[in-house]
Amino acid sequence: MSDDQMVTVEVDGRQLKAKAGTLLIEVTDAAGINIPRFCYHKKLSVSANCRMCLVEVAKVPKPLPACATPVNEGMQVFTRSPLALAAQKGTMEFLLINHPLDCPICDQGGECELQDVALGYGNDSSRFVEGKRVVPERDIGPLIATDFTRCIHCTRCVRFGAEIAGVRELGATGRGEHMEIGTYIEKSVDSELSGNIIDVCPVGSLTSKPYLYSARAWELVQREAVAAHDSVGSNLNLHVRRNRVMRVHPRDNEAVNECWISDRDRFSYEGLYSGERLLRPLLKKGNEWQEVEWQDALEAVAQGLKRARGTSGNRLGALLSGNSTLEELYLAQKLMRGLGSENIDYRLRQSDFRSTSATAPWLGQPIAALEALGAALLIGSNIRKDQPMLAHRVRKAALEGAEVTFLNPFEVDLNYRARHLVAAPSAMLGELAAVAKALGIKGKLVNGVEVSDAHKAVAESLKSAERSTVLLGNMATAHPDFSLLRSLASDIAEASGSILGFLPESANSVGAALSGALPGDGGSNAGEMLGNVHKGYLLLGVEPTKDSWNPAKAQATLQQAEFVVALNAFRDQGLEQVADVILPIAGYAETSGTFVNAQGDWQSFGGAVAPAGEARPAWKILRVLGNLLDLSGFDQVSSEEVLAELKATLGERKPDNGGVASGEEEIRLNGNGLVRVGDVPIYAADPLVRRAESLQRTKDAMAAGIYINAETAKTLGLAPGDFATALQEEGRSKLPVFIDATIPAGCARIPAALAGTETLGGQIDNLTLEKA
Amino acid sequence: MANEVCFRNMDQDRPWLLEQYRARGGYEMLSRILKEKMPPEKIIDEVKASGLRGRGGAGFPTGLKWSFINRNAPGHKYVVCNSDEGEPGTFKDRDILRYNPHQLIEGMVIAGYAIGATCGYNYIRGEFWEPYERFEAALEEARSAGFLGNDLFGSGFDFQLHSHLGAGAYICGEETALLESIEGKKGQPRYKPPFPAHFGLYGCPTIINNTESLASIPVILEKGGAWFKGLGVENSGGSKLFSISGNIKNPGVFEIPLGTPFSELLEMAGGMKEGSRIKAVIPGGSSAPILPGDVMMDLTMDYDAIAKAGSMLGSGAVIVLDDSNCMVKVLERMSYFYHEESCGQCTPCREGTGWLYRVVNRIETGRGRPEDLDLLDDMTVKIAGRTICALGDAAAMPVQGMLKHFRDEFEYHIEHKRCLVG
């Protein structure tokens with residue numbers, strides 16, 4: 001920045017330097033000068049409506065709002081002069097006349113911006129003696145409680161919806177005193193980022209419904225945490241009272257989640273207190289589950305694993321969750337390798353493992369860099385629901401003019417303009433090949449493909465943009481021809497000068513790969529482990545009927561195993577059918593550990609609360625198992641020590657997207673007949689969120705069903721409301737039929753990981769539908 | 001000397017018809033400008049020379065406003081006419097729409113040419129159904145005759161003009177709320193700067209002028225800025241429409257040169273009603289502070305004279321009150337209006353107008369308290385000058401005016417719980 005763009009302003013006698021045109025409130029905030037405000041928010045547009053930040057500016061007769069006044073050279077500002085204070089106090093008096101002064105019964109009491117500022121700028125008694133305005137309560141869904149009588153009309157929530165969530169769900173209707181915030185037509189607020197309006201609301205108008213009236217702010221202890229769902233690794237503050245997580249707030253980190261979090265990260269803590277929480281070790285005796293002492297359970301596990309192993313470690317397999325911590329994953333793989341098994345994998349939602357070396361796929365770029373993209377091609381991704389905070393960055397780029405293209409098996413719902421290439425799963429490869437061809441790429445996959453104007457436009461957008469990226473999402477990973485999609489994506493990225501990136505699925509997908517939770521030489525991958533019966537299995541945080549690519553097959557395979565030990569935080573019917581021992585592990589917030597997010601940040605956190613019941617942190621359980629199995633290297637006394645050991649093992653190793661050029665050309669998914677699209681809905685992604693009660697009552701908590709377009713339904717003789725039997729190679733399930741125009745011909749969307757889909761086959765695989 | 005500009009056709013039969021307007025040389029100025037390709041700067045200079053000040057109430061020099069537009073900026077520019085005419089007591093623009101719509105159209109096309117705009121909107125008050133239809137009919141006539149549309153008079157200059165009917169909100173007369181309303185949004189004023197000349201309708205450079213201002217343009221250009229300026233007095237060029245109402249014999253709209261004594265205007269309106277004596281006058285629409293009748297009788301109707309007396313010429317809405325009026329009742333009515341019409345966006349106005357009304361209402365209904373007048377004084381200070389738009393000031397000024405000149409009536413009301421008059 002050159003000097004001439006910098007100006008000097010004097011605020012309360014202090015000389016401050018700032019870039020010309022910066023808003024005064026930003027300058028004073030940076031200098032630690034406090035100006036009271038309600039409507040101003042650093043991430044939202046300026047509306048200057050609350051008039052609380054009025055300050056005196058020399059040579060201007062009227063007080064000016066600091067939030068809307070740009071600084072210029074020589075400006076003299078007085079934030080606490082008689083004129084400024086009179087204006088601020090005047091505004092405060094007006095704000096309070098219609099505000100119920102019942103802080104003791106308001107959920108915001110004690111952490112209310114209005115309360116705080118009133119302490120400094122309000123009077124001790126009110127001159128307003130008339131009746132106050134009352135606004136009827138509105139139900140806007142299971143997550144947010146409303147009390148619009150308390151509203152001070154700052155419109156932060158309205159601007160959040162329009163500008164950040166990208167959906168105008170709230171607005172102000174009525175004039176003057178009759179102005180009210182609402183949805184206009186009575187409906188719920190459904191954005192996947194909706195919970196942030198609780199944070200931006202300066203008063204008790206919008207509060208957390210699950211938390212409502214359950215604690216007071218001053219009873220809570222704040223502990224830092226990292227979100228445990230998607231690969232963003234949003235930074236959190238857990239608010240804890242008496243060993244219970246009461247609520248979750250975002251913790252500012254510009255490089256990761258800015259100051260926002262998704263609803264999944266905010267409300268999933270409810271799952272910790274679900275009735276399905278596993279509180280004591282379970283041992284199967286005959287066909288009965290019995291609660292047993294830890295000692296007995298651990299000995300049974302050690303014996304079971306030893307017996308199943310027999311003379312070859314190769315008879316054992318480990319299926320690990322990408323939501324486990326780095327320390328847990330590291331010890332789990334170490335245990336397996338100690339037992340002589342290379343059968344280790346965390347990629348449970350993948351079916352195509354052709355030519356994958358042990359890489360650690362990641363975003364390929366910093367999260368914040370997504371904002372600066374000029375073009376992006378997202379393949380098989382419902383990013384808005386799968387990685388909401390990454391979607392927010394892409395949206396920002398799109399609003400700045402980036403050309404964003406989605407190649408998906410159904411048209412995903414977006415909150416900005418983008419190009420949609422919608423194709424049934426079997427046709428996705430051809431679509432991608434056409435983009436590749438438009439970039440001059442040759443090869444068997446590309447030959448004979450027809451290139452349309454749309455494909456040319458995508459190719460051109462990637463090539464011409466200064467910064468562009470090609471990203472592979474969750475549905476690409478689950479695709480039976482993932483390796484082909486990936487290799488085409490890699491070719492496209494190279495030919496167009498774009499960055500190749502992956503949108504890792506889980507909180508610690510990148511960490512799992514780095515920690516060694518991948519098959520070694522000659523080891524079985526997840527598909528092979530769940531396809532061919534191994535004698536013994538170790539499951540960590542995995543519920544096979546929900547968390548595997550082909551639940552029917554997984555369940556059948558596990559059932560035939562001699563011994564299955566599961567480490568899980570919850571009771572789960574599917575697990576109880578296949579396991580012999582289930583060990584209760586500490587859930588999210590109950591254990592210390594580390595996650596590696598999409599951009600490769602190692603983010604460690606401590607345990608915020610003690611584990612429920614007799615549950616223990618999984619890393620401790622694995623360590624003890626190592627001891628019981630007489631393995632060396634299991635003497636760590638803290639998770640930090642485990643982490644240090646892993647770090648030493650890894651050395652300089654970083655996530656990398658190498659090893660994707662496959663040379664494979666065999667197309668596995670044929671386009672004959674119907675194909676299932678089994679995406680994982682936002683609130684079904686992992687065991688914790690599946691048990692978060694309030695999230696399960698939102699609109700995004702989809703019902704299991706068969707979603708097909710009207711044409712497909714007609715061909716099959718199905719009508720909405722009908723039930724149909726979905727038949728796949730290994731499984732079947734009877735489900736209701738829904739008509740959905742966003743689904744292309746030739747496929748049926750039957751989301752995975754929902755109750756009712758446990759007995760189905762591959763997530764993206766051939767399917768037959770029969771009227772039931 | 002009356003009826004020289006906007007009402008110069010009032011002697012005609014059905015003056016709103018195109019043929020009548022053309023019979024008096026209508027659209028000839030436009031035709032000349034376009035055929036001669038008159039330099040836009042020359043037009044703006046002429047308007048500046050005329051001393052024309054915004055007739056909507058604020059009195060900002062029209063020519064200066066036009067000169068703020070960067071003609072060479074790429075993209076669209078707009079001319080917007082503010083026919084929202086919501087200020088209580090004002091009903092002059094209605095008569096321009098009804099009787100002289102073509103002069104307004106011609107003025108708007110000329111304004112468009114001067115600033116490089118190719119599109120204009122006339123925002124008409126929601127309650128003005130008849131004037132709206134009259135204006136629409138005039139638009140149709142002008143389009144058919146080739147005075148609106150593409151390539152006007154073969155000059156290559158295009159200008160489209162549309163009317164937009166409001167929905168009855170007073171706040172939409174505030175220029176940026178009006179723009180929001182045209183854009184289909186809730187009518188709420190924007191924070192300024194940026195001003196509409198830089199960021200106006202749909203974010204494009206825009207001029208917004210009052211109906212009377214724009215309708216004066218063709219005559220100013222025809223007869224010259226100096227001629228127009230000469231009609232009025234120093235700092236108040238030209239003639240102006242005054243809507244005079246209240247306890248007088250002939251309420252109505254009169255075009256008179258600025259600087260005419262108020263007593264003459266009152267005489268034109270037939271004087272006070274039989275047997276009644278002038279008590280007070282609101283000289284410029286309900287937002288203007290009230291002045292005692294005897295003060296008014298010595299004033300001339302121009303910007304400076306009224307301002308010097310502590311009020312404002314505003315939109316030229318003169319409300320004359322006789323001594324049968326209780327000032328508490330009058331203020332209660334006005335305060336209710338601002339309470340009802342506040343847009344609700346910013347705090348002092350949203351909360352303050354309601355409180356003002358409730359306190360005045362309390363006094364009017366015999367529940368006043370001794371401290372109420374100080375409270376009112378204090379509240380008006382906290383509203384005026386601290387809001388996004390001028391509605392806050394408009395709500396505060398009448399209260400300040402009343403308490404300045406008629407405080408005794410309020411005190412009497414509080415003490416005796418009844419009116420001093422009547």
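All figures in this text were calculated on a predicted structure; none of them were measured in a lab.
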Determine the minimum heavy-atom distance between P348(B) and R51(A), stating which atoms define it. CD-CG, 3.4 Å
How many angstroms lie between CD1 in I383(B) and CZ in F94(A), if you round to the nearest 0.5 Å? 4.5 Å
Within 6.0 Å of CD in E73(A), more than 12 heavy atoms from elsewhere: yes
K132(A), NZ atom: more than 12 neighbouring heavy atoms under 6.0 Å: yes
Between atom CD of Q345(B) and atom SG of C154(A), what is the distance when rounded to the nearest 0.5 Å? 12.0 Å
NE2/H76(B): more than 12 non-hydrogen atoms of other groups inside 6.0 Å: no
If you count the non-hydrogen atoms of other residues, nucleotides and ligands that lie under 6.0 Å from CD in E400(A), is the total more than 12? no
Would a distance-only check, ignoring hydrogens and angles, find a side-chain to backbone donor-acceptor pair under 3.5 Å from T347(B) to C50(A)? yes
Structural part of A384(B) lying under 4.5 Å from a heavy atom of chain A: neither
So, taking the atom named CZ in R190(B) and the one named OG in S47(A), what distance separates them when rounded to the nearest 0.5 Å? 14.0 Å
Using a 6.0 Å cut-off, check whether atom CZ of F148(A) has over 12 heavy atoms from anything other than its own residue. yes
With a 6.0 Å cut-off (strictly less than), is the heavy-atom count around CZ of R367(B), excluding the residue itself, greater than 12? yes
When the 4.5 angstrom heavy-atom criterion is applied to T155(A) and chain B, the contacting part is neither
Among the listed options P63(A), A48(A), A87(A), the residue most often paired with chain B at heavy-atom distances under 4.5 Å: A87(A)
For the interface with chain B, which of I97(A), T69(A), L64(A) has the highest count of heavy-atom pairs at distances below 4.5 Å? I97(A)
Quick test of your reading of the model: are R358(B) and E177(A) salt-bridged, counting only N-O distances below 4.0 Å? yes
R133(A) atom CZ, neighbour heavy-atom count above 12 within 6.0 Å: yes
Find the one option among R127(A), M52(A), E93(A), K89(A) whose heavy-atom pairs under 4.5 Å with chain B are most numerous. R127(A)
The reported gap from OG in S342(B) to CE in M179(A) (rounded to nearest 0.5 angstrom) is 9.5 Å
If you draw a 6.0 Å radius around OH in Y184(A), do more than 12 non-hydrogen atoms from other residues or ligands fall strictly inside? no
For the atom pair OG (S45(A)) and OH (Y191(B)), what is the distance rounded to the nearest 0.5 Å? 14.0 Å
Given R175(A), which partner from the list R350(B), E341(B), H339(B) fulfils the side chain to side chain contact (heavy atoms under 4.5 Å, CB included) test? E341(B)
Ion pair present between R362(B) and E130(A), side-chain N to carboxylate O less than 4.0 angstrom? yes
Audit row: E351(B), N98(A), side-chain contact (heavy atoms from CB on, under 4.5 Å) steps and yes/no: CA-CA 7 Å; E351(B) 307 294 344; N98(A) 273 310; 2.6 Å; yes
If you tally heavy-atom pairs under 4.5 Å against chain A, which of V381(B), T353(B), L391(B), D378(B) wins? D378(B)
Closest non-hydrogen contact found for N49(A) with I388(B) is CA-CD1, 3.9 Å
I need the residue from I152(A), T91(A), V129(A), L54(A) with the largest number of non-hydrogen atom pairs under 4.5 Å to chain B. V129(A)
